[in-house]
Amino acid sequence: MRTWLRVHRAAQVCVALALTAGLVAVVGEVLVPVPGVALDDLAGVPVALVAPLVASSVLVRGALAGAGGPEAVAVRPVLAYRTGMVAVTCALSVAVALVETVPYGAAAARNLVGFTGLAALAALWRRDAATAAPAAYLVAAMLLGRPGAGSWWDWPVEPSPHPATWVVPAACLGLGLAAPALPRLRARRRPR
């Protein structure tokens, strides 16, 4: 198990999560100026909403690390370990956000969940797209979204932790974690 944790960069994931939580707590309210297509002037997005992208990238790269061939035939349930690593990390970030009283803590946890879900879905298509897809979605939401408008699709720039803004991120994470197991379930049901 120690080797699996080392190969899948569990220590780096913990450090990235801790640094992101510290960054959100210390400078989370600082606004990053972003030109918006839907707005006339420069819009500002809090650092706390952008910082989870880094932690999500480290998490997904760690979960996808390792040799695909040997892990596919491993006796240990590698897919369950990988899914568990991602699920526990996201659950830990949500738990920390609920305990903390940092202004954008819950929104940062939501963004970590959403970015990780988008990365997991993109990894089904191509592993190298796992870090590019959430970044592209964040940039699109920054340019085309309207912070504070409360629409369903621009959740990365929504500073409010309203429950409606959790629907898409939670769905992305759920689909991203469940989808890799579906071909294995179908393969087990086939009569031989």
Colleague: Quick one: side chains of residues 86-97, donor-acceptor pairs under 3.5 Å with protein atoms, not counting sequence neighbours, listed by atom name and distance.
Modeller:
unit_1, atom_1, unit_2, atom_2, d
Thr89, OG1, Met85, O, 2.7
Ser93, OG, Cys90, O, 2.7

Colleague: For Leu175, which fellow cluster members are found when Ile, Leu, Val, Met, Phe, Trp and Tyr are connected by side-chain heavy-atom distances below 4.5 angstrom, either directly or through intermediates?
Modeller: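 Joined to Leu175, directly or through intermediates: Leu121, Leu124.
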Colleague: Could you tabulate the donor-acceptor pairs under 3.5 Å formed by side-chain atoms of residues 132-143, not counting sequence neighbours?
Modeller:
unit_1, atom_1, unit_2, atom_2, d
Tyr137, OH, Trp153, O, 2.4

Colleague: Show me, pair by pair, the donor-acceptor contacts under 3.5 angstrom made by side chains of residues 19-29, not counting sequence neighbours?
Modeller:
unit_1, atom_1, unit_2, atom_2, d
Thr20, OG1, Ala16, O, 2.8

Colleague: Determine, using the 4.5 Å side-chain heavy-atom cutoff (strictly less than), whether Leu112 and Val60 are members of one ILVMFWY cluster.
Modeller: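 No, it is not one cluster - the side chains of Leu112 and Val60 are not joined through contacts under 4.5 Å.
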Colleague: What heavy-atom pair brings Pro169 and Gly114 nearest, and what distance separates the two atoms?
Modeller: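 Minimum heavy-atom separation between Pro169 and Gly114: CB-CA, 3.5 Å.
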Colleague: To the closest 0.5 Å, what do you measure between CZ (Arg110) and NE2 (His162)?
Modeller: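 Spacing of CZ (Arg110) from NE2 (His162) equals 11.5 Å.
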Colleague: Please give me the minimum heavy-atom distance between Phe115 and Leu49, naming the atom from each residue.
Modeller: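 Looking at all heavy atoms of both residues, the closest pair is CE1-O, 3.9 Å.
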Colleague: Report yes or no: does Asn111 contribute a side-chain atom to a donor-acceptor pair with the main-chain N or O of Pro52 at less than 3.5 Å?
Modeller: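 Not at all, since once roles are kept as given, no pair shorter than 3.5 Å links the two residues.
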Colleague: Leu53, Leu31: one ILVMFWY side-chain cluster at the under-4.5 Å cut-off?
Modeller: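 In one cluster with Leu53: Leu31, no.
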Colleague: Would a hydrophobic clustering, with Ile, Leu, Val, Met, Phe, Trp and Tyr connected at side-chain separations under 4.5 Å, put Tyr104 with Val157?
Modeller: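 No, because Tyr104 and Val157 fall into different hydrophobic clusters, even though each may have its own neighbours under 4.5 Å.
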Colleague: Which pair of non-hydrogen atoms, one from Trp155 and one from Thr165, has the smallest distance, and what is that distance?
Modeller: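 For Trp155 and Thr165, the tightest heavy-atom pair comes out as CB-O, 3.8 Å.
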Colleague: Using a side-chain heavy atom cutoff under 4.5 Å and only I, L, V, M, F, W and Y, what cluster partners does Trp125 have?
Modeller: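 ILVMFWY cluster around Trp125 holds nothing else.
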Colleague: Atom CG of Leu17 and atom CD of Gln12: how far apart are they, to the nearest 0.5 Å?
Modeller: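 Answer for the CG-CD pair, Leu17 versus Gln12, is 13.5 Å.
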Colleague: Is a donor from one side chain sitting under 3.5 angstrom from an acceptor on the other, for Ser56 and Thr116?
Modeller: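 Distance-only check passes for Ser56 and Thr116.
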Colleague: Tell me who clusters with Val167, hydrophobic residues only, linked when side chains sit under 4.5 Å apart either directly or through other members.
Modeller: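 Besides Val167, the cluster holds no residue at all.
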